[in-house]
Amino acid sequence: MNKTGLSDIYRGYIACLNRQDWPKLGQFVADEVHYNGRLIGLSGYRAMLERDFREIPDLQFNIRLLMSDPPHIASRLGFDCTPTGKFFGLDVNGKRVSFTENVFYEFRDDKIVQVWSVIDKAAIEAQL
């Protein structure tokens with residue numbers, strides 16, 4: 001896989017998330033996916049994303065920075081959204097917040113097998 005091809009796959013994955021096209025998630029995410037070092041599998045990954053969209057109805061993943069070094073992708077995602085209740089233990093309760101996520105992915109056979117994610121919780125706290 002070359003850098004451009006892997007970047008294209010990743011952009012397709014982000015588009016899939018933003019459409020909430022859960023039946024197609026398996027085209028991008030492996031059955032045995034790990035999230036922050038823990039095996040959660042495709043069904044656990046999908047459940048996590050579905051919960052995120054329930055708790056944040058206007059959630060959209062926006063790529064701010066994307067670096068490809070096959071088999072890895074590094075991305076800085078930007079969010080501007082209104083979580084409905086508690087968010088990362090914070091009482092957001094419908095207030096609009098902006099924050100970023102730094103996330104690293106490992107791909108195997110054109111699918112995500114590892115995800116390491118760090119969300120800028122301090123940025124959210126500063127807006128409350």
Self-check item: Transitive ILVMFWY side-chain link F104 to I112, under 4.5 Å
Solution: no

Quiz item: Can you tell me if CE on M67 sees more than 12 non-hydrogen neighbours from other groups inside 6.0 Å?
Solution: no

Self-check item: For F53, ring-ring contact (aromatic ring centres under 6.0 Å, His included) partners two or more places apart
Solution: W22

Quiz item: Taking only residues two or more places apart in sequence or in another chain, which ones pass salt bridge (charged side-chain N to carboxylate O under 4.0 Å, His left out) with D52?
Solution: none

Quiz item: Same cluster or not: are V118 and F99 linked, directly or through other Ile, Leu, Val, Met, Phe, Trp or Tyr residues, by side-chain heavy atoms under 4.5 angstrom apart?
Solution: no

Quiz item: Hey, what do you get for CG (L77) to CD1 (I63), rounding to the nearest 0.5 Å?
Solution: 6.5 Å

Quiz item: Is there side-chain contact between E101 and D120, with heavy atoms separated by less than 4.5 Å?
Solution: no

Practice problem: Identify, with sequence neighbours excluded, every residue that meets salt bridge (charged side-chain N to carboxylate O under 4.0 Å, His left out) alongside K95. | Solution: none

Quiz item: When V97 is tested against each of I124, I56, L90 for side-chain contact (heavy atoms from CB on, under 4.5 Å), which residue passes?
Solution: I124

Self-check item: Gap between atom CZ of R64 and atom CZ of F79 - 0.5 Å precision
Solution: 9.5 Å

Listed pairs under 3.5 Å, donor-acceptor, residues 68-75 side chains, sequence neighbours left out:
from	atom 1	to	atom 2	distance (Å)
S68	OG	K3	O	3.2
S75	OG	Y10	OH	3.2
S75	OG	L65	O	3.3

Self-check item: Closest non-hydrogen atom pair between V33 and L39, with its separation
Solution: O-CD1, 3.5 Å

Quiz item: Around R96, counting heavy atoms of other residues, nucleotides and ligands shown, do more than 12 lie under 6.0 Å from its CZ?
Solution: yes

May I have the list of side-chain donor-acceptor pairs in residues 13-20 shorter than 3.5 Å, sequence neighbours left out?
from	atom 1	to	atom 2	distance (Å)
Y13	OH	Y45	OH	2.5
N18	OD1	F61	N	2.7
N18	ND2	F61	O	2.9

Quiz item: Counting only heavy atoms not in K121, do more than 12 fall under 6.0 Å of its NZ?
Solution: yes

Quiz item: For the residue pair W116 and Q114, what are the closest heavy atoms and their distance?
Solution: CH2-CB, 3.4 Å

Quiz item: Is a donor on one side and an acceptor on the other found under 3.5 Å between the side chain of T84 and the backbone of E55?
Solution: yes

Quiz item: Quick one: OH on Y105 to CG on L6, what's the gap to the nearest 0.5 Å?
Solution: 11.5 Å

Quiz item: Same cluster for Y35 and L42 if Ile/Leu/Val/Met/Phe/Trp/Tyr side chains link at under 4.5 Å?
Solution: yes

Quiz item: Is there a chain of hydrophobic side chains (I, L, V, M, F, W, Y, each step under 4.5 Å between heavy atoms) that links V115 to V29?
Solution: yes

Quiz item: Can you name the side-chain hydrogen bond (donor to acceptor under 3.5 Å, both in side chains) partners of S98, sequence neighbours left out?
Solution: D80

Practice problem: Look at the side chain of D109 and the backbone N and O of K111, then say whether any donor-acceptor pair between them is shorter than 3.5 Å. | Solution: no

